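The structure appears below as structure tokens.
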Amino acid sequence: MNEPGPGDEWPTGDGGIGGAVRSHAEGPGEQWRRLDRRMLLATAAVLCGVAGGAGLPAAVGLAGSRPLWQALSWVLAGALLLVLGGTSADYVRWRRTRYRIGPERVELHTGLLLIKRRSLARERIRSVDLTANPLQRLLGLVKVRIGTGESTGGSESTLELDLVTRAEGELLRRELLARAATDPAGLPDDGALATVDPRWIRYAPVSFVAPALGGAAAGSVMQVSEWFGAQAEVIDWIGDRFRDVSLAWMLVDLVLIATLVGAVGALGLWVEMWWNYRLEREPGGTLRVRRGLLTARSVSIEERRLRGIEVVEPLGVRLCGAARVDAVATGLAKDDGDKHTDLKTLLPAVPRELADRVAAQVLREPEPPTGTPLAAHPRAARTRRLRWALWTVAAPVALLAGLGLLLTPVLLFVAAGCAVVLTPLAVLLALDAYRSLGHGVTGDYLVTRSGTVRRTTVALQRSGVIGWTVKQSYFQRRAGILTLTATTAAGDGAYDIHDAGESQGLTFAAEAVPALLAPFIEPVPTPEARSTE
């Protein structure tokens, strides 16, 4: 297959919707295609917004030392230069970018002086994801991300087409993920597995996102006030509001206000991320997640690379009886290009019964593996967690007490207060962490559960386990326990069974995947066998 060289002219042709151009010596049906021309409008609109946001404060600042018309002229000239320059650069990118879908490879060529040629083998393509922000949706455009499902730590395993028409993106997705009309098991597709329920939004304020957003909002207020030289005024204004309140209650009130602001922000973020949500199984064995109010997202996961399910229960969500569902599949690391998108999430926080039911439907199991009863771990595991909890409290308390003896007696009271408040909390979390431990085997899956602040229950295909790692520290040896790690090519790559009994853990590993560990296990002879010997 001939390709344009660095000095060759690119073929010309229509760059409209689905525009395609023939190369010099391409095979029948293979055409070079351009990105959509309307990407230039998107670029110009974004640059106009950037110029307006930066130009307004610049004009105000310049107007203080020169006539207003002169300040506006300078700002408008700079804004025009920014918009024209950026749009021209994007025009060059549009002119020098081509892609084509061949029978064996997907190719992308781009660049002006240094032409970059990249290609992916079609047989290795595992995902075709579509995203579109509000402006791109208004223009009918989408960004297409084609991936092989490999975690290479770079961009060699993905190709991005930025931007094509929505129709072209859907056509590429269907073409590149084309499979037989039924899944490998010969079962018809199930259609919709889950659709959005507005009542799920009640779990947004109890997630860890809410306090994070509250803290970010407080930090943003202080940062912006510092930019305008008004931070002292803001602090004085807050002090005036709490003039008749003690320092301790003022801090409590500020934390509550930040938490309330974070809860409102979490509600808005949930609506943006999960509105229009739909999980469906398409013909050919592809799971597709569609969601997003303003920014539309479409993520596809082939069932043949699905190795299990992870039910995640953050503490606040778990206290409300809810959980979310993540996929354990090959090549589903978080995409560095979109920090707000977790590609492995199949279902947001929902009632736990619904999460288990959807997990069973995704795995095509009659009963959810994540709901199976699990074996408890020995009491030595509970002792370890209690010891960790007490040491976690004792270390800062001892530090505060030492500083109190050296500096001021006030710190002694602070240390005593921390000990009284934190010790019961740490003990409760340690006991909960112990109760959360468990493991078991059900059907084709091994199941492990652990965690308290973030409890996870993982159902992993036994055939997907490619190795076992047995870890035992000095203290674990004394307690007669060990940690088993199931290694797999999917998900996080390793899943732990923490602090299981020695014989309990090794027996479990041997039963779950007999071919791996059995050759290395020597059975312990029974007393009858010893007497016979």
Side-chain angles (χ1 to χ4, degrees), residues 1-26 29-52 78-102 105-120 125 128-147 155-156 158-173 175-176 295-298 335-338:
M1 184 182 302
N2 295 332
E3 300 176 349
D8 294 340
E9 292 292 332
W10 286 98
T12 59
D14 182 23
I17 299 177
V21 191
R22 287 200 175 275
S23 182
H24 297 295
E26 61 192 17
E30 300 178 34
Q31 296 178 332
W32 287 104
R33 310 179 192 179
R34 281 184 177 151
L35 304 177
D36 192 83
R37 196 193 305 263
R38 284 172 291 179
M39 61 177 282
L40 302 177
L41 292 177
T43 300
V46 170
L47 291 175
C48 285
V50 172
L80 184 62
L81 183 62
L82 174 65
V83 173
L84 291 180
T87 305
S88 299
D90 219 36
Y91 175 77
V92 174
R93 181 173 73 90
W94 174 75
R95 290 284 301 174
R96 304 297 295 182
T97 299
R98 296 291 187 274
Y99 71 95
R100 66 179 173 185
I101 312 299
R105 306 192 71 82
V106 177
E107 300 174 83
L108 174 66
H109 293 178
T110 187
L112 179 60
L113 299 178
L114 179 62
I115 297 179
K116 298 179 181 179
R117 300 185 179 93
R118 298 190 50 220
S119 66
L120 299 177
I125 291 175
V128 181
D129 302 328
L130 312 179
T131 59
N133 61 37
L135 177 61
Q136 293 165 354
R137 294 178 67 181
L138 182 64
L139 295 173
L141 304 175
V142 296
K143 178 189 294 186
V144 181
R145 185 178 290 109
I146 305 169
S155 59
E156 290 76 11
T158 61
L159 289 180
E160 281 194 4
L161 306 179
D162 185 15
L163 300 155
V164 299
T165 64
R166 185 185 299 113
E168 177 78 359
E170 288 289 343
L171 180 63
L172 288 171
R173 195 187 71 84
E175 182 179 358
L176 296 177
T295 300
R297 304 170 179 88
S298 172
D335 191 344
D336 293 336
D338 191 350

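Values in this document were obtained by computation on a predicted structure and should not be read as measured data. Residue indices begin at 1 and follow the sequence shown.
A donor-acceptor contact shorter than 3.5 Å links the side chain of Trp94 to the backbone of Leu35. Arg38 contributes a side-chain N or O that, together with a main-chain N or O of Leu139, makes up a donor-acceptor pair within less than 3.5 Å. Looking only at distances, a side-chain donor or acceptor of Arg166 sits under 3.5 Å from a matching main-chain atom of Arg137. Asn133 contributes a side-chain N or O that, together with a main-chain N or O of Gln136, makes up a donor-acceptor pair within less than 3.5 Å.
Separating the CG atom in Leu40 from the CZ atom in Arg93 is a distance of 8.5 Å, to the nearest 0.5 Å. Atom CG of Leu41 is separated from atom OG1 of Thr87 by 9.0 Å, given to the nearest 0.5 angstrom. To the nearest 0.5 Å, atoms CG (Leu172) and CD (Glu168) are separated by 4.5 Å. For the atom pair CG of Asp129 and OG of Ser298, the computed distance is 7.0 Å after rounding to the nearest 0.5 Å.
Closest of all the heavy-atom pairs between Val144 and Gly169 is CG2-CA, 3.9 Å. The two residues Leu159 and Val106 make their nearest non-hydrogen contact at CD1-O, 3.7 Å. Between Leu47 and Gly86 the shortest heavy-atom distance is CD1-CA, 3.5 Å. Closest non-hydrogen pair, Val83 versus Ala44, comes out as CG1-O, 4.4 Å. In terms of heavy-atom proximity, Ile125 sits nearest to Leu120 at CG1-CB, 4.5 Å.
Using a 4.5 Å heavy-atom threshold, the side chains of Val142 and Val164 count as touching. Taking the side chain as every heavy atom from C-beta outward, Ile146 and Thr158 never approach each other to under 4.5 Å. Within the 4.5 Å cutoff, the side chain of Leu130 has heavy atoms near those of the Glu170 side chain. With contacts defined as side-chain heavy-atom distances shorter than 4.5 Å, the pair Arg100/Arg105 does not qualify. Within the 4.5 Å cutoff, the side chain of Tyr99 has no heavy atoms near those of the Arg34 side chain. Leu163 places none of its side-chain heavy atoms less than 4.5 Å from the side chain of Asp36.
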Evaluate salt bridge (charged side-chain N to carboxylate O under 4.0 Å, His left out) for Arg98 paired with Glu107, printing each intermediate quantity in order.
CA-CA 8 Å; Arg98 296 291 187 274; Glu107 300 174 83; over 6 Å; no
Which is it for His109 and Lys116 under the side-chain contact (heavy atoms from CB on, under 4.5 Å) test, yes or no, and what are the steps along the way?
CA-CA 6 Å; His109 293 178; Lys116 298 179 181 179; over 6 Å; no
Quick one, Val128 with Arg145, criterion side-chain contact (heavy atoms from CB on, under 4.5 Å). Give me CA distance, side-chain angles, the key distance, then yes/no.
CA-CA 6 Å; Val128 181; Arg145 185 178 290 109; over 6 Å; no
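Judged by distance alone, the side chains of Thr131 and Arg297 never bring a donor and an acceptor atom under 3.5 Å apart.
Remark: Asp162 pairs with no residue by the salt bridge (charged side-chain N to carboxylate O under 4.0 Å, His left out) rule, at least two apart or across chains.
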